[in-house]
Amino acid sequence: QTYSQKPSWNTLQMARLASRSIVSLAVVLLCIATFWPDSTLFTSPRNVKAATTRLQKDASVAMNSYAGYEQRFPAPARQFEKELIETAKAIAAPGKGILASDESTPTIGKRFEDIGVENTEETRRGYRELLFSSPGLNKHISGAILYEETLYQSNSDGKRFVDVLTEQGIVPGIKVDSGLRCIPGSDTEQYCTGLDNLPERCREYYKAGARFAKWRAVLSISKDGKPTDVAIQHAAFGLAAYAAIAQSEGLAPFVEPEILMDGDHDIVLSQRVHEEVWAEVYRQLEVHGVLLEGTLLKPSMITPGKQGPSATPAEIAQTTIEGLRRRVPAAVPGIMFLSGGQSEEEATVQLNMMNQVPQRPWSVSFSYGRALQASVLQAWQGKEENREAAQKMLLALAQANGDANLGRYDAFKDHPSKTGSLYVENYSY
């Protein structure tokens with residue numbers, strides 16, 4: 001309206017309503033300030049401490065809201081929550097990774113056969129003593145996975161291996177699955193066994209000094225439809241059920257959905273399968289109430305099949321980190337890769353490349369068995385006079401991979417390893 005015109009009745013009414021609204025809002029704010037002095041709407045110095053305390057409480061509630069809220073939301077980690085988180089963080093420490101020394105008796109026997117060493121309990125004990133007593137091992141090794149036999153063994157001075165490791169700040173872990181069996185009616189696909197008496201075994205392993213556990217599910221890729229839905233479901237449910245049981249008994253679970261390198265598929269199909277498997281695994285972990293902050297993931301890298309078209313280390317690194325970002329929550333402290341049959345040098349170079357890809361919310365490190373031990377066995381040859389050389393080889397390999405975890409490995413230098421490809425078709429422990 002122009003200034004020469006009188007305001008209309010509607011305009012006057014709107015002005016009156018606006019005035020009343022402003023007065024009402026002022027009254028409400030005055031009441032809040034009077035009767036709710038701790039309101040975060042008012043950030044006077046005397047209220048900052050109260051507001052901060054409330055935020056801390058809210059953060060604690062948010063962290064636990066996924067589990068234990070009602071009976072239908074299980075909370076398996078409740079009793080050991082703080083310890084599980086601390087264990088996972090310690091293992092995922094910068095510049096460090098896992099020594100996977102959990103080979104079964106038949107598997108270590110094959111390794112010994114290659115170097116002419118008899119497979120007896122004493123030779124197995126002696127070899128593990130060589131590994132765990134290597135001077136300076138804790139510089140680049142944060143945890144060691146043990147086989148059940150090894151968990152209860154001691155060094156030549158009578159000190160238990162778990163104590164030898166713990167005194168170095170290395171967290172002892174234990175392989176808890178009972179091996180693989182064929183899925184009924186499937187074409188060679190497998191599921192992992194060992195859930196039946198797992199609570200009792202985990203309780204005993206914790207008493208013996210173990211603080212984390214490992215369970216390996218195995219899947220394969222083929223162009224005719226593997227892995228099938230039933231194989232993925234078996235793997236995901238088994239890993240989640242195991243993880244919940246392990247946490248309820250104080251063991252931080254390593255979740256290991258290994259997808260074998262066997263096959264002639266390309267990296268695109270490999271990425272699609274890895275992402276599908278990881279998505280289902282984390283869906284099942286959520287359903288089971290597993291505390292992600294107290295877990296670690298041990299996946300295979302996304303590579304083409306061994307007989308498929310090749311991919312560069314940079315392509316493998318980018319594809320693997322991209323797939324993980326899409327499927328693995330940032331709450332997981334560490335991604336501890338298995339080597340999967342790559343050579344010792346390939347495993348180091350690939351890890352280093354992945355740690356140069358940006359946007360990694362988790363520590364990206366290693367949990368290597370063959371890729372940390374193949375050259376050690378070659379240097380040892382079962383002879384006491386080669387003990388020091390074998391230990392130096394282990395330390396050199398651990399340092400190379402520790403540097404790779406930080407993205408600082410120099411690929412232009414000679415790698416300490418003395419072996420080539422470690423690929424074994426349809427590999428089993």
Side-chain angles (χ1 to χ4, degrees), residues 66-67 72-77 175-199 201-202 213-248 251-263 265 268-292 294-303 305 320 323-329 331-332 335-338 340 426-429:
Y66 73 95
R72 64 194 180 102
F73 300 123
K175 167 182 158 64
V176 299
D177 67 79
S178 300
L180 301 169
R181 289 192 178 180
C182 233
I183 297 174
S186 75
D187 180 18
T188 70
E189 290 189 298
Q190 300 171 309
Y191 69 97
C192 201
T193 64
L195 289 175
D196 287 352
N197 61 348
L198 187 58
R201 289 193 291 123
C202 285
K214 192 205 83 165
W215 176 285
R216 175 181 180 251
V218 180
L219 296 160
S220 58
I221 301 176
S222 70
K223 293 179 179 177
D224 62 354
K226 288 182 185 175
T228 60
D229 288 345
V230 68
I232 294 173
Q233 292 294 323
H234 264 294
F237 177 85
L239 285 165
Y242 135 76
I245 292 169
Q247 286 193 335
S248 71
L251 301 179
F254 265 47
V255 176
E256 183 179 359
E258 179 173 4
I259 300 175
L260 299 174
M261 295 173 66
D262 305 36
H265 52 277
V268 177
L269 178 57
S270 182
Q271 180 179 8
R272 181 68 185 89
V273 170
H274 276 79
E275 289 186 14
E276 182 178 359
V277 171
W278 292 339
E280 185 59 28
V281 167
Y282 279 95
R283 190 186 78 83
Q284 285 293 333
L285 289 171
E286 180 184 4
V287 168
H288 284 74
V290 173
L291 175 72
L292 296 185
T295 67
L296 293 154
L297 178 66
K298 182 174 178 176
S300 40
M301 300 175 196
I302 299 179
T303 66
T320 301
L324 289 168
R325 279 201 303 259
R326 291 173 174 174
R327 297 294 183 259
V328 179
V332 177
I335 312 292
M336 320 299 284
F337 280 98
L338 54 90
N426 198 26
Y427 179 71
S428 62
Y429 288 38

Using 4.0 Å as the upper bound for N to carboxylate O, is an ion pair formed by E256 and K214? yes
Can you list the residues that meet the side-chain contact (heavy atoms from CB on, under 4.5 Å) rule with R327, with sequence neighbours excluded? E275, W278, A279
Those residues that, when tested against Y191, pass ring-ring contact (aromatic ring centres under 6.0 Å, His included) (two or more places apart): H234
Given P253, P199, P76, the one that forms side-chain contact (heavy atoms from CB on, under 4.5 Å) with I245: P199
May I ask you to test the S186-T228 pair for a side-chain heavy-atom distance under 4.5 Å? no
So, do D177 and K175 sit near enough that their side-chain heavy atoms are less than 4.5 Å apart? yes
Take H288 and F237 through the side-chain contact (heavy atoms from CB on, under 4.5 Å) test and state the conclusion after the steps. CA-CA 9 Å; H288 284 74; F237 177 85; 3.6 Å; yes
Test side-chain contact (heavy atoms from CB on, under 4.5 Å) applied to S300 and I259, V218, L260, the passing residue: I259
Using the test ring-ring contact (aromatic ring centres under 6.0 Å, His included), find all partners of Y242 that sit at least two apart in sequence or belong to another chain. W215
What verdict does the side-chain contact (heavy atoms from CB on, under 4.5 Å) test give for L285 and T295, after you've listed the backbone C-alpha separation in whole Å, the side-chain angles of each residue and the deciding distance to 0.1 Å? CA-CA 10 Å; L285 289 171; T295 67; 5.8 Å; no
Tell me, with the steps shown, if L297 and Y282 meet side-chain contact (heavy atoms from CB on, under 4.5 Å). CA-CA 10 Å; L297 178 66; Y282 279 95; 3.5 Å; yes
Side-chain contact test, heavy atoms from C-beta onward, threshold under 4.5 Å: evaluate it for K226 versus T188 and give yes or no. yes
Working for side-chain contact (heavy atoms from CB on, under 4.5 Å), residues D229 and E276: CA-CA 10 Å; D229 288 345; E276 182 178 359; 4.0 Å; yes
Any side-chain heavy-atom pair of I221 and S270 under 4.5 Å: yes
L219 and H274, any side-chain heavy atoms less than 4.5 Å apart: no
With E280, which residues qualify under side-chain contact (heavy atoms from CB on, under 4.5 Å), at least two apart? I232, Q233, A236, R283, Q284
Restricting to side chain to side chain donor-acceptor pair (under 3.5 Å), what partner residues turn up for S222, sequence neighbours left out? D224
NZ of K223 to CG of L269, rounded to nearest 0.5 Å, is 8.5 Å
Closest approach of E258 and G340, non-hydrogen atoms and distance? OE2-CA, 4.4 Å
Do you know which two heavy atoms are closest between K298 and P257, and how far apart they sit? O-CD, 3.8 Å
Strictly distance-based, threshold 3.5 Å: is any side-chain N or O of R201 a donor or acceptor partner for the main-chain N or O of V176? yes
Sorted by chain and residue number, the side-chain contact (heavy atoms from CB on, under 4.5 Å) partners of T320 (sequence neighbours excluded) come out as M301, I302, I316, L324, F337, M354
How many angstroms lie between atom OG of S220 and atom CE of M261, to the nearest 0.5 angstrom? 14.0 Å
Step through the shown structure and confirm whether more than 12 heavy atoms of other residues, nucleotides or ligands are within 6.0 Å of CG on D196. no
